[in-house]
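Comments concern the structure below.
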Amino acid sequence: MVEYISPARKGHVEKWKGSCIDMACRPLVINGYWLFEGLPDTDLLKDSLSETLTLYYPLAGRMNGNEVLCNGAGVGFEAVDFPKIAAADIPKNILPDKKFHACYDAKGANSGKTPLMSVKISRLADAAILNVKCSHFCADGKTFYAMMNAWAAIARGENVSDMPEYNDSSVLSILAASDLYKRVMSGNEMAESLVCQGGMQRIRSSAFLSMMWQNVSGTMRRQSGPCHVSEDRITAMQEAVMSKHGVRVGRNAVLSAISFGILKERFRWSGREISLVHTADHRERIAGLGKNYAGNAAFVLRPTVFSADLPAEDVAVLVENDLRQMLSSETEAEYFPLYCLMLEKKLPYLPFDVVSMWRRNPATFIVNNCLKFNVYGMNFGTGFPAFAWQLDFPDPVRFWPAPNDLGGIYLYFAGNFT
């Protein structure tokens, strides 16, 4: 039976309006699963969740039009026993069965009728599965995992020092300081013309037809099992790049090159141009977005485009250089308002060719690097998670932490890329 867990005390936020980036994420749901070999105390989970919601107060509110009314109505919580199922019976290469899913009504949540977050703890014979579903309007990956780790810390009796920053004016203040944004919003320049000049690509009607077909056929819902990449392989690639080019590249660039190599063989990309799109968190990169900013602050960058015939070491260097350039303060100052203009004006554009990504033989893929999230950090007093399933977003390529005892990382693929 589902009950509602309300905040222990009234929070400091009455309304959360969100930004244009939050609005773009409104249809999405963050869906996290963990397997714990120890059985967490259910009463402790509820009490500590109540305390956590005091900090993350909007999560316990309800949508009211295009904003969250922070009324403390609570989040859904359900505890169910499965005494005949053991941890060994749960496959790791696919998401847990529906009977372990938290009850979450996305349409109801967006209309203000149901909670914006739901929790289910499934107690097995010798373990437990925790599923938490949360509206993407209220949190991106950074905020979601920060909330989960705060919840676990509170359950352990610790004080949480990093407070989430719910500031409706953050993005508005950044945009107000942009000359480009002010010119367009005052009607002096055409937004669509500037978006085109900035390298954004129009979403053609064929993209919608392709996505509709792949959604109906189930292609978009395909998720691969984990492909393990060891730390030794990552280090070996870094050393190969250093030997060939004399530069050091980060893990993101190395894993992008490894993913490219896997997909190049699968799709026979020889002779083609490939677009590699990255997702970046813009906290602390743009003045006004602090490290604890609680709204959505991650979105895709303009893609790296390169020849499929390049060796992996060259791809790694190209990705490293492009990421540094795209995330420089100068580029951020230009790109952030341009991206927000595209969202606010509801222009049918994206920073990449979406048709190329969703065709049968794709040549564009998005990389979502989830390694920065503390996925395995939460300990509710009975030990750290033994396994964390990947988020079920349709990003074609995802970097995901491997279990602590295994090391390295997991690559996951979605849609046609499976």
> In Å, rounded to the nearest 0.5 Å, how long is the span from OH of Tyr293 to OG of Ser19?
Replying inline: 4.5 Å

>> Please check this pair: side chain of Lys133 against backbone of Gly32, looking for a donor-acceptor N/O pair closer than 3.5 Å.
In response: no

>> For the CD1 atom of Ile154 and the CG atom of Leu45, what is their distance to the nearest 0.5 Å?
In response: 12.0 Å

> What are the two closest heavy atoms between Thr382 and Asn379, and how far apart are they?
Replying inline: N-OD1, 3.2 Å

>> Is there a side-chain contact between Glu330 and Gln325 in this structure, where contact means two heavy atoms from C-beta onward sitting under 4.5 Å apart?
In response: no

> When you check the gap from the basic side-chain N to the acidic O, do Asp22 and Lys17 get nearer than 4.0 Å?
Replying inline: no

>> Donor-acceptor pair, distance only, cut-off 3.5 Å: does the side chain of Ser356 make one with the backbone of Asp353?
In response: no

> Any salt bridge between Lys291 and Glu284, counting N to O under 4.0 Å?
Replying inline: no

>> Enumerate the salt bridge (charged side-chain N to carboxylate O under 4.0 Å, His left out) contacts for residues 230-246, please, sequence neighbours excluded, ordered by first and then second residue.
In response: Glu231-Arg251, Lys244-Asp314

> Are Phe144 and His136 an aromatic pair by the rule of ring centers under 6.0 Å?
Replying inline: no

> Relative to the ring of Phe365, is the ring of Trp269 parallel (under 30°), tilted (30 to 60°) or perpendicular (over 60°)?
Replying inline: parallel

>> Assess the residue pair Leu116 and Val75 against the criterion (side-chain contact (heavy atoms from CB on, under 4.5 Å)); give the C-alpha distance rounded to whole Å, side-chain angles, the decisive distance to 0.1 Å, and a yes or no.
In response: CA-CA 7 Å; Leu116 293 166; Val75 306; over 6 Å; no

> What's the shortest heavy-atom distance between Met378 and Phe36, and which atoms?
Replying inline: O-CE2, 3.7 Å

>> Looking at every heavy atom in both Asn66 and Met23, which two are closest together, and how far apart are they?
In response: OD1-CE, 3.5 Å

>> Tell me whether the count of non-hydrogen atoms from other residues, nucleotides or ligands lying under 6.0 Å of NZ in Lys15 goes above 12.
In response: no

> In terms of side-chain heavy atoms, does Ser307 have a donor or acceptor partner in Glu273 at a distance below 3.5 Å?
Replying inline: no

> How are the rings of His282 and Phe336 set to each other: parallel, tilted or perpendicular (split at 30° and 60°)?
Replying inline: tilted

> Would you say Thr331's side chain and Leu327's backbone share a donor-acceptor pair under 3.5 angstrom?
Replying inline: no

> Thr143: what forms a side-chain hydrogen bond (donor to acceptor under 3.5 Å, both in side chains) with it, not counting sequence neighbours?
Replying inline: Asp140, Arg283

>> Once salt bridge (charged side-chain N to carboxylate O under 4.0 Å, His left out) is applied, do any residues pair with Arg359, and if so which ones, sequence neighbours excluded?
In response: none

>> side-chain contact (heavy atoms from CB on, under 4.5 Å), that's the test. Do Phe100 and Leu124 meet it? Break it down for me.
In response: CA-CA 10 Å; Phe100 303 122; Leu124 312 181; 3.9 Å; yes

> Tell me the ring-ring contact (aromatic ring centres under 6.0 Å, His included) pairs involving residues 48-79, sequence neighbours left out?
Replying inline: none

> Can Glu332 and Ser328 be said to form a side chain to side chain donor-acceptor pair (under 3.5 Å), step by step?
Replying inline: CA-CA 6 Å; Glu332 288 272 18; Ser328 67; over 6 Å; no

> Without hydrogens or angle criteria, can the side chains of Gln223 and Gln390 be said to hold a donor-acceptor pair below 3.5 Å?
Replying inline: yes

>> Can a side-chain donor-acceptor contact be found between Glu344 and Tyr181 if the only test is distance below 3.5 angstrom?
In response: yes

>> Could you report the tightest heavy-atom contact between Val29 and Phe393, atom names first, then the distance?
In response: O-CE2, 3.2 Å

> Is a side-chain donor or acceptor of Arg285 paired with a backbone partner of Asp281 at a separation under 3.5 angstrom?
Replying inline: yes

>> Test: salt bridge (charged side-chain N to carboxylate O under 4.0 Å, His left out). Region: residues 374-398. Which pairs qualify, not counting sequence neighbours?
In response: none

>> Once rounded to the nearest 0.5 Å, what's the spacing between atom SG of Cys70 and atom CG of Leu53?
In response: 11.5 Å

>> If you count heavy atoms of other groups shown closer than 6.0 angstrom to CD of Glu158, is the number above 12?
In response: yes

> Do any N or O atoms from the side chain of Asn93 and from the backbone of Pro226 form a donor-acceptor pair under 3.5 angstrom?
Replying inline: no

> What residues form a ring pair (Phe, Tyr, Trp, His ring centres under 6.0 Å) with Trp34, not counting sequence neighbours?
Replying inline: none

> Under the salt bridge (Lys or Arg N to Asp or Glu O under 4.0 Å) criterion, do Asp322 and Arg302 qualify, and how do the steps go?
Replying inline: CA-CA 10 Å; Asp322 272 16; Arg302 283 169 290 196; over 6 Å; no

> Side chain of His245, backbone of Ala240: donor and acceptor closer than 3.5 Å?
Replying inline: no

> What's the shortest heavy-atom distance between Thr114 and Ala109, and which atoms?
Replying inline: OG1-N, 2.8 Å

> What class does the angle between the rings of Trp400 and Tyr412 fall in, given that below 30° is parallel, 30 to 60° is tilted and above 60° is perpendicular?
Replying inline: perpendicular

>> With a 3.5 Å distance limit and no angle check, can you tell me whether Ser224 reaches the backbone of Phe413 through a side-chain donor-acceptor pair?
In response: yes

>> Between Asn131 and Ser122, does the side-chain contact (heavy atoms from CB on, under 4.5 Å) criterion hold? Intermediate values first, please.
In response: CA-CA 8 Å; Asn131 179 218; Ser122 299; over 6 Å; no

> Is the side chain of Lys372 donor-acceptor paired with the backbone N or O of Asn369 at a distance under 3.5 Å, no angle test?
Replying inline: yes

>> Could you walk me through whether Phe306 and Phe260 satisfy the ring pair (Phe, Tyr, Trp, His ring centres under 6.0 Å) test, starting with their C-alpha distance in whole Å, then the side-chain angles of each, then the deciding distance to 0.1 Å, before giving a yes or no?
In response: CA-CA 11 Å; Phe306 55 92; Phe260 157 71; 5.2 Å; yes

> Are any side-chain N or O atoms of Asp126 and backbone N or O atoms of Ala87, one a donor and one an acceptor, separated by less than 3.5 Å?
Replying inline: yes

>> Main chain of Ala414, side chain of Thr418: is a donor-acceptor contact present, judged purely on distance under 3.5 Å?
In response: no

> Roughly how far, to the nearest 0.5 Å, is CG of Asn416 from CG of Asn361?
Replying inline: 9.0 Å

> Can Arg202 and Glu192 be counted as an ion pair, charged N to O under 4.0 angstrom?
Replying inline: yes

> Atom CD1 of Ile234 and atom CG of Leu255: how far apart are they, to the nearest 0.5 Å?
Replying inline: 4.5 Å

>> Determine whether Tyr166 and His12 satisfy the following criterion, side chain to side chain donor-acceptor pair (under 3.5 Å), listing intermediate values before the conclusion.
In response: CA-CA 9 Å; Tyr166 287 99; His12 59 288; over 6 Å; no

> Would Val249 and Met242 satisfy side-chain contact (heavy atoms from CB on, under 4.5 Å), going step by step from the backbone distance to the final call?
Replying inline: CA-CA 8 Å; Val249 296; Met242 176 63 74; over 6 Å; no

>> How long is the straight-line distance from CG of Leu318 back to CD of Glu313, given to the nearest 0.5 Å?
In response: 13.0 Å

>> Looking at every non-hydrogen atom in both residues, tell me the closest pair between Trp16 and Gly295 and how far apart they are.
In response: CZ2-CA, 3.7 Å

> More than 12 non-hydrogen atoms from neighbouring residues, nucleotides or ligands closer than 6.0 Å to CD on Glu37, yes or no?
Replying inline: no

> Of Pro7, Cys134, Pro115, which meets side-chain contact (heavy atoms from CB on, under 4.5 Å) against Leu59?
Replying inline: Cys134

> For Arg248, does the CZ atom have more than 12 heavy-atom neighbours from other residues, nucleotides or ligands under 6.0 Å away?
Replying inline: no

